[in-house]
Amino acid sequence: HISLREGDRINYGDRKIAILSPNKKNLQSKELNDGCLVLQIIEKNLEALYMCDAGANIELELMKKYSLRADILKVGHHGSRFSSSKELLAAVSPSVATIEVGKNKYGHPTKQTLERLEAAGAEIFRTDRDKTIKIIREGDAIKVFKIKG
């Protein structure tokens with residue numbers, strides 16, 4: 001059993017994975033999503049931010065502590081209206097945003113979140129529409145492949 005929390009690091013080949021959240025306070029929160037695992041993955045020429053189900057309160061906390069700039073944003077909380085705030089998107093400035101979502105009764109991803117992502121200039125990919133998504137970087141270009149199946 002391995003427990004990860006804020007401040008932990010994993011090195012895997014030329015990748016560095018930083019655990020940005022949760023911290024002790026977030027793990028004790030009554031809001032279960034506050035305890036989710038937020039990861040920043042850095043390779044030699046590509047950065048990604050995985051926001052799990054973090055809401056705006058966790059986003060704000062992270063923006064105060066870290067540089068969140070990333071090429072790729074795994075959108076938080078399936079694109080709910082409570083995540084991917086305008087402020088977070090300005091801090092991250094992603095060129096690619098992925099939304100892990102399936103058919104649901106909550107209306108995820110929400111229109112508001114999609115509009116914020118578009119306004120931030122991110123190219124949006126969704127697993128409900130695009131199925132499996134593979135992202136690679138070749139030189140200066142980020143290439144996204146939709147693997148339907």
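What you see is a predicted model; the values in this text were computed from it and never measured.
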Is there a chain of hydrophobic side chains (I, L, V, M, F, W, Y, each step under 4.5 Å between heavy atoms) that links [X] to [Y]?
{"X": "I19", "Y": "L62", "result": "no"}
{"X": "V96", "Y": "L89", "result": "no"}
{"X": "F145", "Y": "L46", "result": "no"}
{"X": "I72", "Y": "I133", "result": "yes"}
{"X": "I99", "Y": "V38", "result": "yes"}

Would you give the length of the straight line joining atom [atom1] of [X] to atom [atom2] of [Y], rounded to the nearest 0.5 angstrom?
{"X": "E43", "Y": "Y12", "atom1": "CD", "atom2": "OH", "answer": "10.5 Å"}
{"X": "S29", "Y": "N57", "atom1": "OG", "atom2": "CG", "answer": "7.0 Å"}
{"X": "K44", "Y": "R15", "atom1": "NZ", "atom2": "CZ", "answer": "9.5 Å"}
{"X": "S21", "Y": "L27", "atom1": "OG", "atom2": "CG", "answer": "7.5 Å"}
{"X": "E31", "Y": "F82", "atom1": "CD", "atom2": "CZ", "answer": "9.5 Å"}

Main-chain N/O of [Y] paired to [X] side chain as donor or acceptor, under 3.5 Å:
{"X": "R69", "Y": "A91", "result": "no"}
{"X": "R116", "Y": "S83", "result": "yes"}
{"X": "R137", "Y": "N45", "result": "yes"}
{"X": "T127", "Y": "V101", "result": "yes"}

So which heavy atom on P22 is nearest to which on G35, and how close? CG-O, 3.4 Å

Please find the pair of heavy atoms, one from A54 and one from C36, that lie closest to each other, and give the distance. N-SG, 3.4 Å

Contact check, side chains of [X] and [Y], non-hydrogen atoms, under 4.5 Å:
{"X": "E123", "Y": "L117", "answer": "no"}
{"X": "L49", "Y": "L20", "answer": "yes"}
{"X": "E118", "Y": "I124", "answer": "yes"}
{"X": "L73", "Y": "M51", "answer": "yes"}
{"X": "M63", "Y": "I58", "answer": "no"}
{"X": "N33", "Y": "H77", "answer": "yes"}
{"X": "K24", "Y": "R5", "answer": "yes"}

All pairs passing side chain to side chain donor-acceptor pair (under 3.5 Å) where residues 91-101 contributes a residue, at least two apart: none

Write out all pairs satisfying side chain to side chain donor-acceptor pair (under 3.5 Å) with one or both partners inside residues 59-68, taking only residues at least two apart or from two chains. E6-K65, E6-Y66, N23-E61, K25-E61, N26-E61, E59-S85

In this structure, which one of L4, D8, I10 forms a side-chain contact (heavy atoms from CB on, under 4.5 Å) with I17? I10

Tell me whether the rings of H78 and H108 are parallel (<30°), tilted (30 to 60°) or perpendicular (>60°). parallel

